[in-house]
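Notes follow the structure.
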Amino acid sequence: MALVNENYLKLPGSYLFAEIARRVNKFKEEHPDADIIRLGIGDVTQPLAPASIEAMHQAVDEMAKAETFRGYGPEQGYAFLIQQIIEHDYAARGITIAEDEVFISDGSKCDVGNIQEIFGLENKVAITDPVYPVYLDTNVMAGRTGNIVDGMFEGVTYMPCTAENGFVPSFPSERVDLIYLCSPNNPTGTTLSKDQLKAWVAYAKENDSIILFDSAYEAYITEEDVPRSIYEVEGAREVAIEFRSFSKNAGFTGTRCAYTVVPKELMGKTKDGQEVSLNRLWNRRQTTKFNGTPYITQRGAAAIYTEEGKKQVQAMVGYYMENAKIIREGLAEAGLTFYGGVNAPYIWLKTPNNMDSWSFFDKLLNEAHIVGTPGAGFGPSGEGYFRLTAFGNKENTIKAVERIKTRLSL
Ligand code: PLP
(Lines give C-alpha, C1' and ligand atoms only; values in the text may rest on other atoms or scores of the structure.)
Protein backbone atom coordinates (compact mmCIF):
# COMPACT_ATOMS: atom_id res chain seq x y z
CA MET A 1 0.00 0.00 0.00
CA ALA A 2 1.28 3.47 -0.85
CA LEU A 3 2.49 5.58 2.03
CA VAL A 4 0.78 8.91 2.51
CA ASN A 5 2.34 12.28 3.21
CA GLU A 6 1.83 12.15 6.96
CA ASN A 7 2.33 15.88 7.28
CA TYR A 8 -1.26 16.21 6.07
CA LEU A 9 -2.36 14.32 9.18
CA LYS A 10 -0.93 17.03 11.40
CA LEU A 11 -3.59 19.43 10.13
CA PRO A 12 -6.83 19.65 12.05
CA GLY A 13 -9.93 19.25 9.80
CA SER A 14 -11.25 22.46 8.25
CA TYR A 15 -13.03 23.04 11.49
CA LEU A 16 -13.88 26.72 11.13
CA PHE A 17 -16.30 26.78 8.20
CA ALA A 18 -17.65 23.30 8.90
CA GLU A 19 -18.46 24.33 12.46
CA ILE A 20 -20.05 27.58 11.29
CA ALA A 21 -22.23 25.61 8.84
CA ARG A 22 -23.19 23.12 11.56
CA ARG A 23 -24.26 25.84 13.99
CA VAL A 24 -26.15 27.79 11.30
CA ASN A 25 -27.98 24.65 10.12
CA LYS A 26 -28.99 23.77 13.66
CA PHE A 27 -30.26 27.32 14.20
CA LYS A 28 -32.23 27.16 10.93
CA GLU A 29 -33.87 23.90 11.96
CA GLU A 30 -34.93 25.44 15.25
CA HIS A 31 -35.94 28.79 13.68
CA PRO A 32 -37.12 28.01 10.14
CA ASP A 33 -38.51 31.52 9.60
CA ALA A 34 -35.43 33.44 10.72
CA ASP A 35 -34.02 35.74 8.03
CA ILE A 36 -30.31 35.06 8.42
CA ILE A 37 -27.81 37.63 7.11
CA ARG A 38 -24.29 36.47 6.35
CA LEU A 39 -21.55 38.93 7.16
CA GLY A 40 -18.97 36.20 7.45
CA ILE A 41 -18.12 35.47 3.86
CA GLY A 42 -14.82 36.45 2.28
CA ASP A 43 -16.33 36.17 -1.20
CA VAL A 44 -17.53 39.12 -3.24
CA THR A 45 -21.17 39.47 -4.29
CA GLN A 46 -21.21 42.13 -7.05
CA PRO A 47 -21.01 41.11 -10.73
CA LEU A 48 -17.88 41.56 -12.82
CA ALA A 49 -17.18 44.98 -14.32
CA PRO A 50 -18.91 45.41 -17.71
CA ALA A 51 -15.48 46.12 -19.28
CA SER A 52 -14.27 42.66 -18.20
CA ILE A 53 -17.45 41.00 -19.45
CA GLU A 54 -17.16 42.70 -22.83
CA ALA A 55 -13.50 41.74 -23.19
CA MET A 56 -14.26 38.15 -22.29
CA HIS A 57 -17.14 37.98 -24.82
CA GLN A 58 -14.73 39.18 -27.50
CA ALA A 59 -12.15 36.65 -26.39
CA VAL A 60 -14.73 33.87 -26.63
CA ASP A 61 -15.48 34.93 -30.20
CA GLU A 62 -11.75 34.81 -30.99
CA MET A 63 -11.69 31.24 -29.73
CA ALA A 64 -14.44 30.39 -32.25
CA LYS A 65 -12.26 31.06 -35.32
CA ALA A 66 -9.18 29.13 -36.39
CA GLU A 67 -7.30 32.38 -37.24
CA THR A 68 -7.70 33.81 -33.75
CA PHE A 69 -8.00 30.64 -31.70
CA ARG A 70 -5.49 30.29 -28.83
CA GLY A 71 -4.29 27.06 -27.35
CA TYR A 72 -1.65 26.83 -24.64
CA GLY A 73 -0.46 30.31 -23.75
CA PRO A 74 2.76 31.33 -22.03
CA GLU A 75 2.83 29.75 -18.55
CA GLN A 76 3.87 33.11 -17.14
CA GLY A 77 0.89 34.92 -18.67
CA TYR A 78 0.26 36.97 -21.81
CA ALA A 79 2.33 40.10 -22.40
CA PHE A 80 -0.84 42.16 -22.95
CA LEU A 81 -1.82 41.66 -19.30
CA ILE A 82 1.69 41.81 -17.82
CA GLN A 83 2.31 45.14 -19.55
CA GLN A 84 -0.89 46.61 -18.11
CA ILE A 85 0.05 45.44 -14.63
CA ILE A 86 3.52 46.95 -14.88
CA GLU A 87 2.22 50.24 -16.20
CA HIS A 88 -0.76 50.76 -13.89
CA ASP A 89 0.08 48.91 -10.68
CA TYR A 90 3.79 49.71 -10.57
CA ALA A 91 5.19 52.33 -13.00
CA ALA A 92 2.34 54.69 -12.06
CA ARG A 93 3.65 54.53 -8.47
CA GLY A 94 7.27 54.99 -9.46
CA ILE A 95 8.15 51.29 -9.22
CA THR A 96 10.14 49.54 -11.92
CA ILE A 97 9.18 45.93 -12.57
CA ALA A 98 10.34 43.95 -15.62
CA GLU A 99 8.02 41.78 -17.70
CA ASP A 100 9.82 38.59 -16.72
CA GLU A 101 9.34 39.38 -13.03
CA VAL A 102 5.53 39.09 -13.25
CA PHE A 103 3.86 35.68 -13.21
CA ILE A 104 0.13 35.53 -13.96
CA SER A 105 -1.75 32.73 -12.24
CA ASP A 106 -5.21 31.43 -11.52
CA GLY A 107 -5.29 32.81 -8.00
CA SER A 108 -3.28 34.10 -5.09
CA LYS A 109 -4.38 31.18 -2.97
CA CYS A 110 -2.38 28.89 -5.26
CA ASP A 111 0.57 31.27 -5.39
CA VAL A 112 0.87 31.91 -1.65
CA GLY A 113 0.40 28.18 -1.14
CA ASN A 114 2.84 27.03 -3.82
CA ILE A 115 5.64 29.54 -3.23
CA GLN A 116 7.04 27.60 -0.28
CA GLU A 117 7.98 24.77 -2.70
CA ILE A 118 10.98 26.71 -3.98
CA PHE A 119 12.41 26.95 -0.45
CA GLY A 120 14.21 24.26 1.51
CA LEU A 121 12.42 22.38 4.27
CA GLU A 122 14.97 23.54 6.84
CA ASN A 123 13.81 27.15 6.60
CA LYS A 124 12.28 28.75 9.68
CA VAL A 125 8.90 30.30 8.96
CA ALA A 126 7.25 33.24 10.72
CA ILE A 127 3.56 34.02 10.35
CA THR A 128 1.39 36.70 11.83
CA ASP A 129 -1.33 35.48 14.17
CA PRO A 130 -4.27 35.63 13.34
CA VAL A 131 -3.58 34.74 9.73
CA TYR A 132 -5.00 33.72 6.34
CA PRO A 133 -4.71 29.95 6.95
CA VAL A 134 -3.11 29.02 3.60
CA TYR A 135 0.38 30.25 4.56
CA LEU A 136 0.57 28.02 7.58
CA ASP A 137 -1.25 24.96 6.27
CA THR A 138 0.91 24.69 3.14
CA ASN A 139 4.07 24.78 5.25
CA VAL A 140 2.61 22.07 7.47
CA MET A 141 1.83 19.94 4.40
CA ALA A 142 5.39 20.38 3.14
CA GLY A 143 6.82 19.18 6.46
CA ARG A 144 8.32 22.44 7.62
CA THR A 145 6.64 22.19 11.05
CA GLY A 146 6.19 19.82 13.95
CA ASN A 147 2.84 18.83 15.43
CA ILE A 148 0.13 21.11 16.69
CA VAL A 149 0.33 21.69 20.45
CA ASP A 150 -2.23 23.93 22.18
CA GLY A 151 -3.36 25.29 18.84
CA MET A 152 0.14 26.16 17.61
CA PHE A 153 2.45 24.23 15.32
CA GLU A 154 5.85 23.42 16.72
CA GLY A 155 8.71 24.93 14.78
CA VAL A 156 6.69 27.91 13.52
CA THR A 157 7.27 31.43 14.81
CA TYR A 158 3.93 33.03 15.54
CA MET A 159 3.85 36.82 15.61
CA PRO A 160 0.77 37.86 17.58
CA CYS A 161 -1.16 40.83 16.18
CA THR A 162 -3.64 42.15 18.70
CA ALA A 163 -5.05 45.46 19.84
CA GLU A 164 -2.18 45.65 22.37
CA ASN A 165 0.44 46.02 19.62
CA GLY A 166 -1.86 47.85 17.20
CA PHE A 167 -1.93 44.69 15.04
CA VAL A 168 1.67 45.31 14.02
CA PRO A 169 3.82 42.19 14.36
CA SER A 170 7.01 42.46 16.39
CA PHE A 171 10.20 41.09 14.92
CA PRO A 172 10.75 37.43 15.81
CA SER A 173 13.09 36.96 18.76
CA GLU A 174 14.96 34.24 16.86
CA ARG A 175 16.16 34.59 13.30
CA VAL A 176 13.70 33.33 10.65
CA ASP A 177 14.10 32.70 6.92
CA LEU A 178 10.60 33.26 5.56
CA ILE A 179 8.19 35.90 6.80
CA TYR A 180 4.58 36.06 5.65
CA LEU A 181 3.07 39.54 5.83
CA CYS A 182 -0.40 40.51 4.63
CA SER A 183 -1.43 44.16 4.32
CA PRO A 184 -4.29 45.11 4.23
CA ASN A 185 -4.77 42.16 6.47
CA ASN A 186 -7.23 39.33 6.38
CA PRO A 187 -8.77 38.90 8.97
CA THR A 188 -7.94 42.02 11.02
CA GLY A 189 -8.55 44.60 8.28
CA THR A 190 -5.53 46.55 9.56
CA THR A 191 -2.48 47.67 7.58
CA LEU A 192 1.24 48.29 7.88
CA SER A 193 2.38 51.87 7.37
CA LYS A 194 5.30 52.85 5.17
CA ASP A 195 7.61 53.15 8.19
CA GLN A 196 6.54 49.78 9.55
CA LEU A 197 7.12 48.15 6.19
CA LYS A 198 10.50 49.91 5.91
CA ALA A 199 11.46 48.40 9.25
CA TRP A 200 10.46 44.94 8.01
CA VAL A 201 12.49 45.34 4.84
CA ALA A 202 15.49 46.43 6.94
CA TYR A 203 14.97 43.44 9.24
CA ALA A 204 14.84 41.07 6.27
CA LYS A 205 18.05 42.53 4.86
CA GLU A 206 19.90 42.28 8.16
CA ASN A 207 18.75 38.73 8.74
CA ASP A 208 18.94 37.43 5.18
CA SER A 209 15.22 36.66 5.30
CA ILE A 210 12.63 36.70 2.51
CA ILE A 211 9.31 38.51 2.96
CA LEU A 212 6.29 36.94 1.28
CA PHE A 213 4.01 39.96 0.95
CA ASP A 214 0.34 39.36 0.25
CA SER A 215 -1.45 42.48 -0.93
CA ALA A 216 -4.62 40.87 -2.23
CA TYR A 217 -6.61 43.74 -0.70
CA GLU A 218 -4.50 46.69 -1.85
CA ALA A 219 -7.42 48.16 -3.85
CA TYR A 220 -9.17 48.91 -0.55
CA ILE A 221 -6.46 51.22 0.76
CA THR A 222 -7.81 54.72 1.29
CA GLU A 223 -5.12 56.25 3.53
CA GLU A 224 -2.09 57.97 2.05
CA ASP A 225 0.56 56.50 4.32
CA VAL A 226 -0.27 52.88 3.56
CA PRO A 227 1.89 51.33 0.82
CA ARG A 228 0.00 49.44 -1.86
CA SER A 229 3.09 47.54 -2.81
CA ILE A 230 6.04 46.50 -0.70
CA TYR A 231 8.24 47.72 -3.56
CA GLU A 232 7.33 51.28 -2.56
CA VAL A 233 9.97 50.68 0.10
CA GLU A 234 13.51 51.10 -1.16
CA GLY A 235 15.46 47.87 -1.19
CA ALA A 236 12.37 45.65 -1.06
CA ARG A 237 13.23 44.14 -4.45
CA GLU A 238 16.14 42.36 -2.77
CA VAL A 239 14.03 40.79 -0.03
CA ALA A 240 10.37 40.48 -1.06
CA ILE A 241 8.00 38.53 -3.27
CA GLU A 242 4.62 40.18 -3.77
CA PHE A 243 1.24 38.53 -4.38
CA ARG A 244 -1.71 40.36 -5.94
CA SER A 245 -5.10 39.15 -7.01
CA PHE A 246 -7.97 40.28 -9.24
CA SER A 247 -10.40 38.55 -6.87
CA LYS A 248 -11.23 41.32 -4.48
CA ASN A 249 -10.72 44.44 -6.61
CA ALA A 250 -12.42 43.15 -9.76
CA GLY A 251 -14.65 40.35 -8.50
CA PHE A 252 -12.58 37.50 -10.01
CA THR A 253 -13.09 35.10 -7.08
CA GLY A 254 -14.88 32.70 -9.44
CA THR A 255 -13.22 33.80 -12.69
CA ARG A 256 -9.70 33.27 -11.23
CA CYS A 257 -6.77 35.52 -12.02
CA ALA A 258 -3.88 36.80 -9.92
CA TYR A 259 -0.19 37.52 -10.22
CA THR A 260 3.05 37.20 -8.32
CA VAL A 261 6.11 39.42 -8.64
CA VAL A 262 9.51 37.82 -8.12
CA PRO A 263 12.26 40.41 -8.66
CA LYS A 264 15.48 39.23 -10.25
CA GLU A 265 17.64 40.60 -7.44
CA LEU A 266 16.01 38.17 -5.05
CA MET A 267 18.35 35.35 -4.10
CA GLY A 268 18.30 32.24 -1.99
CA LYS A 269 21.25 30.02 -1.41
CA THR A 270 22.24 26.37 -1.52
CA LYS A 271 23.61 24.57 1.54
CA ASP A 272 27.12 25.11 0.20
CA GLY A 273 26.51 28.83 -0.01
CA GLN A 274 25.89 29.29 -3.73
CA GLU A 275 23.41 32.04 -4.62
CA VAL A 276 20.35 31.02 -6.65
CA SER A 277 17.81 33.31 -8.31
CA LEU A 278 14.32 32.83 -6.85
CA ASN A 279 12.85 34.22 -10.05
CA ARG A 280 14.54 31.39 -11.95
CA LEU A 281 13.18 28.78 -9.51
CA TRP A 282 9.63 30.15 -9.56
CA ASN A 283 9.73 30.27 -13.35
CA ARG A 284 10.88 26.64 -13.37
CA ARG A 285 8.14 25.67 -10.94
CA GLN A 286 5.40 27.41 -12.90
CA THR A 287 6.50 26.18 -16.32
CA THR A 288 6.62 22.62 -14.98
CA LYS A 289 3.43 22.51 -12.94
CA PHE A 290 1.17 25.20 -14.42
CA ASN A 291 -0.11 25.64 -17.96
CA GLY A 292 -1.21 29.24 -17.81
CA THR A 293 -4.33 31.17 -16.91
CA PRO A 294 -7.02 30.97 -19.62
CA TYR A 295 -6.69 33.54 -22.41
CA ILE A 296 -10.33 34.59 -21.92
CA THR A 297 -9.74 35.25 -18.23
CA GLN A 298 -6.58 37.25 -18.87
CA ARG A 299 -8.46 39.41 -21.39
CA GLY A 300 -11.09 40.03 -18.73
CA ALA A 301 -8.41 41.01 -16.21
CA ALA A 302 -6.59 43.31 -18.66
CA ALA A 303 -9.86 45.18 -19.27
CA ILE A 304 -9.90 46.57 -15.74
CA TYR A 305 -6.97 48.79 -16.70
CA THR A 306 -8.92 50.60 -19.44
CA GLU A 307 -10.46 53.99 -18.52
CA GLU A 308 -13.92 52.45 -18.33
CA GLY A 309 -12.67 49.38 -16.48
CA LYS A 310 -10.85 51.48 -13.89
CA LYS A 311 -13.98 53.49 -13.13
CA GLN A 312 -16.13 50.37 -12.86
CA VAL A 313 -13.70 48.61 -10.56
CA GLN A 314 -13.37 51.70 -8.40
CA ALA A 315 -17.15 51.83 -8.12
CA MET A 316 -17.20 48.18 -7.05
CA VAL A 317 -14.58 48.74 -4.36
CA GLY A 318 -16.43 51.91 -3.32
CA TYR A 319 -19.64 49.91 -2.95
CA TYR A 320 -18.02 47.49 -0.50
CA MET A 321 -16.26 50.28 1.35
CA GLU A 322 -19.59 52.03 1.79
CA ASN A 323 -20.76 48.81 3.46
CA ALA A 324 -17.64 48.89 5.63
CA LYS A 325 -18.50 52.43 6.69
CA ILE A 326 -22.09 51.42 7.50
CA ILE A 327 -20.78 48.57 9.66
CA ARG A 328 -18.21 50.75 11.42
CA GLU A 329 -20.72 53.48 12.19
CA GLY A 330 -23.29 50.95 13.41
CA LEU A 331 -20.81 49.18 15.66
CA ALA A 332 -19.68 52.51 17.10
CA GLU A 333 -23.30 53.43 17.85
CA ALA A 334 -23.80 50.04 19.49
CA GLY A 335 -20.80 50.82 21.71
CA LEU A 336 -18.64 48.00 20.36
CA THR A 337 -14.87 48.20 19.89
CA PHE A 338 -13.58 47.37 16.43
CA TYR A 339 -10.62 47.76 14.08
CA GLY A 340 -10.11 47.77 10.32
CA GLY A 341 -12.73 48.64 7.70
CA VAL A 342 -10.88 51.79 6.60
CA ASN A 343 -8.31 50.27 4.23
CA ALA A 344 -9.88 46.83 4.00
CA PRO A 345 -13.28 45.17 3.55
CA TYR A 346 -12.88 43.45 6.93
CA ILE A 347 -13.96 44.73 10.32
CA TRP A 348 -12.32 43.08 13.32
CA LEU A 349 -14.57 43.33 16.31
CA LYS A 350 -13.42 42.97 19.91
CA THR A 351 -15.94 40.66 21.49
CA PRO A 352 -17.74 42.46 24.33
CA ASN A 353 -17.21 41.50 27.98
CA ASN A 354 -14.25 39.27 27.10
CA MET A 355 -16.60 36.76 25.55
CA ASP A 356 -14.85 34.00 23.61
CA SER A 357 -15.32 34.27 19.87
CA TRP A 358 -17.57 31.20 19.49
CA SER A 359 -19.88 32.40 22.27
CA PHE A 360 -20.15 35.72 20.48
CA PHE A 361 -20.91 33.83 17.25
CA ASP A 362 -23.85 32.11 18.97
CA LYS A 363 -25.04 35.33 20.55
CA LEU A 364 -25.01 37.22 17.24
CA LEU A 365 -26.79 34.36 15.49
CA ASN A 366 -29.39 33.89 18.19
CA GLU A 367 -30.17 37.51 18.95
CA ALA A 368 -29.61 39.23 15.60
CA HIS A 369 -29.69 36.31 13.12
CA ILE A 370 -26.32 37.37 11.73
CA VAL A 371 -23.49 35.04 10.78
CA GLY A 372 -19.91 36.27 11.19
CA THR A 373 -16.58 34.51 11.62
CA PRO A 374 -15.10 33.75 15.05
CA GLY A 375 -11.58 35.15 15.34
CA ALA A 376 -10.26 32.00 17.00
CA GLY A 377 -10.61 30.29 13.61
CA PHE A 378 -7.70 32.36 12.28
CA GLY A 379 -5.23 31.47 15.02
CA PRO A 380 -4.80 31.62 18.80
CA SER A 381 -4.42 35.41 18.87
CA GLY A 382 -7.78 35.73 17.10
CA GLU A 383 -9.53 34.57 20.26
CA GLY A 384 -11.63 37.37 21.70
CA TYR A 385 -12.20 38.87 18.24
CA PHE A 386 -14.77 38.44 15.50
CA ARG A 387 -14.64 39.15 11.74
CA LEU A 388 -17.41 40.92 9.84
CA THR A 389 -17.06 41.51 6.12
CA ALA A 390 -18.27 44.30 3.86
CA PHE A 391 -18.77 41.99 0.87
CA GLY A 392 -22.52 41.59 1.33
CA ASN A 393 -25.09 43.68 -0.48
CA LYS A 394 -25.86 47.12 0.90
CA GLU A 395 -29.48 46.42 1.82
CA ASN A 396 -28.55 43.43 3.96
CA THR A 397 -25.62 45.28 5.51
CA ILE A 398 -27.92 48.10 6.62
CA LYS A 399 -30.43 45.59 7.97
CA ALA A 400 -27.72 43.69 9.82
CA VAL A 401 -26.36 46.82 11.44
CA GLU A 402 -29.85 47.87 12.59
CA ARG A 403 -30.26 44.47 14.20
CA ILE A 404 -26.92 44.74 15.98
CA LYS A 405 -27.95 48.13 17.35
CA THR A 406 -31.43 47.10 18.41
CA ARG A 407 -31.40 43.40 19.19
CA LEU A 408 -27.99 42.61 20.62
CA SER A 409 -27.96 42.65 24.41
CA LEU A 410 -24.59 43.96 25.53
N1 PLP B 1 -4.71 36.23 0.16
C2 PLP B 1 -5.59 36.59 1.10
C3 PLP B 1 -5.10 37.34 2.28
C4 PLP B 1 -6.94 36.27 0.98
O5 PLP B 1 -7.80 36.63 1.93
C6 PLP B 1 -7.37 35.56 -0.16
C7 PLP B 1 -8.78 35.17 -0.34
O8 PLP B 1 -9.64 35.30 0.46
C9 PLP B 1 -6.43 35.19 -1.10
C10 PLP B 1 -5.11 35.54 -0.92
C11 PLP B 1 -6.81 34.34 -2.28
O12 PLP B 1 -7.16 35.06 -3.39
P13 PLP B 1 -7.48 34.35 -4.76
O14 PLP B 1 -8.97 34.43 -4.94
O15 PLP B 1 -6.72 35.15 -5.77
O16 PLP B 1 -7.02 32.94 -4.71
Side-chain angles (χ1 to χ4, degrees), residues 74-77 79 81-105 108 110-120 122-127 135 169 171-172 175-183 192-216 218 226-245 258-290:
E75 291 95 340
Q76 302 86 345
L81 176 56
I82 294 176
Q83 283 159 3
Q84 294 297 315
I85 288 168
I86 289 174
E87 183 185 334
H88 297 276
D89 292 345
Y90 292 107
R93 308 190 75 79
I95 301 165
T96 306
I97 300 287
E99 280 190 35
D100 56 0
E101 293 176 326
V102 180
F103 297 84
I104 309 292
S105 76
S108 273
C110 325
D111 290 351
V112 298
N114 292 331
I115 196 75
Q116 48 77 29
E117 276 186 27
I118 64 169
F119 296 101
E122 304 78 1
N123 285 307
K124 288 263 168 276
V125 176
I127 55 154
Y135 316 147
F171 299 131
R175 202 201 142 263
V176 294
D177 302 290
L178 303 174
I179 302 157
Y180 288 86
L181 294 178
C182 178
S183 174
L192 295 172
S193 70
K194 182 96 181 254
D195 281 345
Q196 287 156 354
L197 218 45
K198 265 188 195 166
W200 272 104
V201 168
Y203 172 91
K205 277 196 173 174
E206 264 167 44
N207 290 280
D208 254 338
S209 319
I210 301 285
I211 297 174
L212 302 167
F213 189 74
D214 186 344
S215 60
E218 64 79 30
V226 181
R228 286 161 182 260
S229 163
I230 194 164
Y231 305 122
E232 287 178 38
V233 174
E234 219 183 299
R237 285 180 56 91
E238 290 145 49
V239 295
I241 292 175
E242 178 160 287
F243 304 93
R244 291 258 188 121
S245 171
Y259 65 88
T260 291
V261 178
V262 190
K264 278 177 284 196
E265 287 92 323
L266 208 51
M267 295 288 163
K269 62 176 188 248
T270 60
K271 280 185 191 140
D272 58 13
Q274 240 181 301
E275 285 203 339
V276 179
S277 153
L278 295 179
N279 177 288
R280 178 161 78 82
L281 293 195
W282 184 243
N283 189 48
R284 189 70 172 89
R285 193 262 169 219
Q286 290 298 81
T287 50
T288 301
K289 295 195 177 184
F290 183 59

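In this structure, Ser215 and Ile230 have side chains that are not in contact, with every pair of non-hydrogen atoms separated by 4.5 Å or more. Side chains of Glu101 and Glu265 form a contact here, defined as non-hydrogen atoms less than 4.5 Å apart. Residues Ile210 and Asn123 have side chains not in contact (no heavy-atom distance under 4.5 Å, counting atoms from C-beta outward). Using a 4.5 Å cut-off on side-chain heavy atoms (C-beta onward), Leu281 and Phe119 make no contact. Looking at heavy atoms from C-beta onward, Trp282 lies in side-chain contact with Asp111 at the 4.5 angstrom threshold. Contact annotation: the side chain of Tyr231 approaches that of Pro263 to within less than 4.5 Å [non-hydrogen atoms, C-beta and beyond]. Residues Asp89 and Tyr259 have side chains in contact (heavy-atom distance under 4.5 Å, counting atoms from C-beta outward). Annotation: side chain of Val112 is not in contact with side chain of Leu212 (no heavy-atom distance under 4.5 Å).
Closest heavy-atom contact between Ile241 and Phe243: CG2-CZ, 3.7 Å. Summarising the geometry of Arg237 relative to Thr96, their closest heavy-atom pair is NH1-O, 2.9 Å, with the distance given to 0.1 Å. For Leu181 against Leu192, the heavy-atom pair with the smallest separation is CD1-CD1, 4.2 Å. Minimum heavy-atom separation, Val239 to Ala204: CB-CB, 3.8 Å. Nearest heavy-atom pair, Trp200 versus Pro172, reported as atom, atom and distance to 0.1 Å: CH2-CD, 3.8 Å. In terms of heavy-atom proximity, Asp177 sits nearest to Lys124 at OD2-N, 2.6 Å.
For the atom pair CD of Gln274 and CE of Met267, the computed distance is 11.5 Å after rounding to the nearest 0.5 Å. In this structure, CD1 on Ile104 lies 9.0 Å from OG1 on Thr260, to the nearest 0.5 angstrom. A distance of 11.0 Å separates CD1 of Ile85 from CD1 of Ile97, quoted to the nearest 0.5 Å.
A donor-acceptor contact shorter than 3.5 Å is absent between the side chain of Ser245 and the backbone of Ala258.
Counting non-hydrogen atoms of neighbouring residues, nucleotides and ligands closer than 6.0 angstrom, the NZ atom of Lys264 exceeds 12 such neighbours.
Side-chain atoms of Asn279 and Ser277 include no donor-acceptor pair closer than 3.5 Å. Using modelled atom types, one finds a donor on one side chain and an acceptor on the other under 3.5 Å when comparing Glu242 with Tyr90.
Taking the six-membered ring where tryptophan is involved, the planes of Phe171 and Tyr203 are essentially parallel, since the angle between them stays under 30° and well short of 60°.
Remark: Arg175 does not engage Asp208 in a salt bridge, criterion side-chain N to carboxylate O under 4.0 Å.
With sequence neighbours excluded, the residues that form a side-chain hydrogen bond (donor to acceptor under 3.5 Å, both in side chains) with Gln76 are Asn283. Judged as a side-chain contact (heavy atoms from CB on, under 4.5 Å), and not counting sequence neighbours, the contacts of Glu99 are Ala79, Ile82, Gln83, Ile86. Legend: residues meeting side-chain contact (heavy atoms from CB on, under 4.5 Å) with Glu232, ordered by chain and number and at least two apart, are Arg93, Ile95, Lys194, Pro227, Arg228, Ser229.
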Verdict with supporting geometry, Phe290 and Cys110, side-chain contact (heavy atoms from CB on, under 4.5 Å): CA-CA 10 Å; Phe290 183 59; Cys110 325; over 6 Å; no
When you look at Ile115 and Leu178, which way does the side-chain contact (heavy atoms from CB on, under 4.5 Å) test go after all the steps? CA-CA 11 Å; Ile115 196 75; Leu178 303 174; over 6 Å; no
